[in-house]
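None of these values were measured; they are calculated from a predicted model.
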Amino acid sequence: MGLIGRALLLLLTLASMAGCERVDELRLAHANDGTPVDWPPGVARVELPLLASGSGQPWVGVSVDGSPPVPFLLQNAAAAIAVTGARLPGQGGVFFAPEESTAGLLPGVARGRLVHNRRLSLGALVLRDQSLLIVDESAWPHARPGGGAAGLLGYDLFRRTPVELDPAAGTVSLLRSRAVDIPLHQEVMRLAILDRRPYVEVRRAGPGAGEVFRLQLEVAWAGAACLDVPGEARQIVVGGQQVDIEAAGCDGERFPADPAAGRDGILGYGALENRRLLVDYPGGRAVLFSP
C-alpha cells in the first residue's frame, strides 16, 4: 500500500473512531422509539405519590422488572432513561450484562452501560421493552430519597402521556389525553419540544410587561424561575400566575442551555408552590393551575 493509500486508511479509521461515541449517543436517544405503553383497561388516570426527599424535586417510585419500586427523578432534560447501581432491591446477582455507551443526553451523567428489553412499572402503567443506562453509583450526580437506588426518567415518559404534578397533594398523575380537563377560563401555554427538551414562552410582569422570555421547563430544578442573563425583571407571568425570578440567574453548569433553542432561562419546580402543573407533550401545551 502506497503512502496515499495508508493516509486514506488512517483518515477513515480516525473518522470511524470519532463517530463511535455519536453512534452510541444516537442509539441511546432513540432506543425506546416505538416501544409500547400498557394502560390498564378502562383506566384514564394513574396516580402516584411524590416521594419526599427534601430536595425540592419530584421523585416517583418505579419498578424495574418487577423489583420493589425505587425512586426515579423526573427530569425534563433526561432524553433517555438511567438507573444507578448494578443491583436493585429484591434482585440478586448482577443486574444486567454491561455494554459501554455514552450518555451525553443525561445532564451530569457521563457514561454507563446500555441494557435492553426492561419492563418499567409506574403504578398500574407499564412501559415495556425499555432500554436503560446503568450508571455506576460513584458517577451518579443526584441525591435521592432514602439514599437507595435511583433513576432518571424524562422524555420517554412525558412524550407518551400528559403528566400532572401536584406538590400540595403529594401526587403525580399520568393521564390519557381524554382525561385532561382544562377549564375554559384557564390560560394555556404553548409547549415547544426542541431536541427533546420542553420550552414555554412567558411574559414579564410589571414594568416592561410586553417583554417575552423563552424558558426551558425543568421540574428537576428546585427553583421557581431564573434568567441566563439576569436583568431588571423580577417577576414573570406564567399561565396567568405571577412567579418570582431569582436574582442570581441560572446555574448554567448544572442546567446548560442549548444555544440553538434560544433559551432565556429556566422555569422550575419551585413555581408550583400551592399550584398544579400539567405538562402535555402530546398536546403541545402546559398549564399552571391557580391555587
Reported [atom1]-to-[atom2] distance for the pair [X] and [Y], which is rounded to 0.5 angstrom:
X: S131; Y: N117; atom1: OG; atom2: CG; answer: 6.5 Å
X: L227; Y: E232; atom1: CG; atom2: CD; answer: 12.0 Å
X: L73; Y: R144; atom1: CG; atom2: CZ; answer: 11.5 Å
X: L122; Y: L74; atom1: CG; atom2: CG; answer: 8.5 Å
X: E201; Y: L215; atom1: CD; atom2: CG; answer: 9.5 Å
X: N32; Y: R160; atom1: CG; atom2: CZ; answer: 6.0 Å

Give me the atom names and distance for the closest heavy-atom approach of [X] to [Y].
X: R275; Y: P167; result: O-CD, 3.5 Å
X: L278; Y: P162; result: CD1-CB, 4.1 Å
X: A79; Y: Y155; result: CA-CB, 4.0 Å
X: F158; Y: V279; result: CD2-CG1, 3.9 Å
X: L152; Y: A78; result: CB-CB, 4.4 Å
X: A80; Y: L106; result: O-CD2, 3.3 Å

Is there a side-chain contact between [X] and [Y] in this structure, where contact means two heavy atoms from C-beta onward sitting under 4.5 Å apart?
X: R254; Y: P107; answer: no
X: V62; Y: P69; answer: no
X: I245; Y: I236; answer: yes

Cluster check [X], [Y]: I/L/V/M/F/W/Y, side chain < 4.5 angstrom:
X: V200; Y: V237; value: no
X: F255; Y: V219; value: no
X: W221; Y: W59; value: no
X: I266; Y: L288; value: no
X: V43; Y: L125; value: yes

[X] side chain to [Y] main-chain N or O, any donor-acceptor pair under 3.5 Å?
X: T84; Y: V135; result: yes
X: R178; Y: L175; result: no
X: N76; Y: R197; result: no
X: E218; Y: A77; result: yes
X: R159; Y: Y281; result: no
X: Q130; Y: R128; result: yes

Shared-cluster residues of Y199, by chain and number - hydrophobic side chains joined below 4.5 Å:
L194

Do V60 and L51 pass the side chain to side chain contact (heavy atoms under 4.5 Å, CB included) test, and can you show the C-alpha distance, the side-chain angles, and the key distance before you say yes or no?
CA-CA 6 Å; V60 296; L51 301 180; 5.6 Å; no

Working for side chain to side chain contact (heavy atoms under 4.5 Å, CB included), residues W39 and V46:
CA-CA 9 Å; W39 282 88; V46 172; 3.9 Å; yes

The single option from D258, D228, D195 passing salt bridge (charged side-chain N to carboxylate O under 4.0 Å, His left out) against R263
D228

Could you go through T161 and V37, starting from their C-alpha distance and side-chain angles, then the distance that decides it, and tell me whether this counts as side chain to side chain contact (heavy atoms under 4.5 Å, CB included)?
CA-CA 9 Å; T161 174; V37 52; over 6 Å; no

Is the count of non-hydrogen atoms from other residues, nucleotides or ligands lying under 6.0 Å from R119 atom CZ greater than 12?
no

Go through it in stages, so that I can follow the logic: the residues are V172 and V163, the test is side chain to side chain contact (heavy atoms under 4.5 Å, CB included), and I'd like the CA-CA distance, side-chain angles, deciding distance and then a yes or no.
CA-CA 7 Å; V172 176; V163 178; 3.8 Å; yes

For Q57, check side chain to side chain donor-acceptor pair (under 3.5 Å) against everything at least two apart and list the hits.
S55

D33 bridged to R196 by N-O distance under 4.0 Å:
yes

Check V126, V83, I81, D129 against L120 for a side chain to side chain contact (heavy atoms under 4.5 Å, CB included) and give me the one that passes.
I81

